[in-house]
Amino acid sequence: MSGWAIRAATAAVVFGFMIVEALRAARNERAQRARGGIEPPGDVYRLMRLVYPGAFLAMLAEGAARGTPSPSVLLGGALVFAASKALKWWAILSLGSFWTFRVIVVPGASLVARGPYRWLRHPNYVGVLGELAGVAAIAGAPVSGVVALAVFAALLVKRIAVEERALARAAR
């Protein structure tokens with residue numbers, strides 16, 4: 001498979017999943033708001049919704065400029081991406097209608113403690129970072145991959161703080 005074909009297939013998978021996830025998140029967001037869901041102030045969602053797809057585009061562009069990585073790096077990246085996507089979807093399915101791109105807390109709802117949430121507080125975010133790392137390897141994008149991981153990790157630190165405060169308030 002040529003480098004262009006690998007990048008095209010990677011883009012199709014990444015952005016195909018992104019579309020499916022966006023549709024699911026929008027449906028769940030409407031359901032949460034209908035149940036009285038509240039979106040706390042201070043979230044970085046508006047920035048995340050630009051950085052997340054932009055990071056993948058930057059990595060694919062860097063990879064196009066650098067050339068195709070070795071087969072072992074490609075395979076390693078594909079395995080990291082697949083495992084990360086599986087973890088992310090396990091989290092999405094475990095949260096059910098409570099999973100969205102935004103932080104929305106429904107008053108009176110119980111905290112989900114099944115699926116990967118039995119062991120990890122934020123498995124979805126672990127999956128997202130893994131997706132970025134996997135695509136960085138697949139694309140052969142060491143510079144934009146490291147930058148994407150650092151920027152998105154910083155956004156997640158802020159996001160998790162907002163989420164934790166909102167969940168603590170809802171538990172009172």
(request) Determine, for E163 against R121, whether the closest basic-nitrogen to carboxylate-oxygen distance falls under 4.0 angstrom. (result) no

(request) Give a yes or no on whether L47 and Y52 share a hydrophobic cluster (residues Ile, Leu, Val, Met, Phe, Trp, Tyr; joining criterion: side-chain heavy atoms under 4.5 Å apart). (result) yes

(message) Test your reading of the model: is there a side-chain donor-acceptor pair from R118 to the backbone of G115, 3.5 Å cut-off?
(response) yes

(request) Treating Ile, Leu, Val, Met, Phe, Trp and Tyr as nodes and any side-chain heavy-atom pair under 4.5 angstrom as an edge, say whether V44 and V157 lie in one connected cluster. (result) no

(message) I'd like to check Q32 versus R102 (side-chain heavy atoms, cut-off strictly below 4.5 Å). Are they in contact?
(response) no

(message) Are L57 and F15 packed together at the side-chain level, in the sense that at least one heavy-atom pair is separated by less than 4.5 angstrom?
(response) yes

(message) With heavy-atom distances below 4.5 Å as the criterion, would you say the side chains of W99 and E21 are in contact?
(response) yes

(request) Say whether, by atom type as modelled, one donor and one acceptor occur between the side chain of R114 and the main chain of S94 under 3.5 angstrom. (result) yes

(message) Test of understanding: clusters of I, L, V, M, F, W, Y form through side-chain heavy atoms closer than 4.5 Å, transitively. Do V135 and L75 belong to the same one?
(response) no

(request) Please examine the side chains of K88 and I92, heavy atoms only from C-beta on, and report whether any two atoms are closer than 4.5 Å. (result) yes

(message) Side chains of H122 and E164, heavy atoms from C-beta outward: is any pair under 4.5 Å?
(response) yes

(message) Same cluster or not: V80 versus I6, using hydrophobic residues (I, L, V, M, F, W, Y) connected whenever any side-chain heavy atoms lie under 4.5 Å apart?
(response) no

(request) Might you point out which heavy atoms bring R35 and S97 nearest each other, and give the distance in Å? (result) NH1-OG, 3.3 Å

(request) Mind listing the closest non-hydrogen atom pair of P107 and I38 along with its distance? (result) CG-CD1, 3.9 Å

(message) Are F56 and V13 connected into the same hydrophobic cluster when the rule is that any two of I, L, V, M, F, W, Y join if their side-chain heavy atoms are below 4.5 Å apart?
(response) yes

(request) Only counting residues at least two apart or in another chain, list the ones meeting side-chain contact (heavy atoms from CB on, under 4.5 Å) with L93. (result) R24, W89

(message) Could you measure the distance from the CZ atom of F101 to the CG atom of D43? Nearest 0.5 Å is fine.
(response) 12.5 Å

(message) Can you tell me how far apart CZ (R33) and OG1 (T100) are? Round to the nearest 0.5 Å.
(response) 8.0 Å

(request) Using side-chain contact (heavy atoms from CB on, under 4.5 Å) as the criterion, list what pairs up with P123, not counting sequence neighbours. (result) L87, A91, P116, Y117, L120

(request) Measure the shortest side-chain to side-chain distance between R165 and P40 over non-hydrogen atoms and say whether it is less than 4.5 angstrom. (result) no

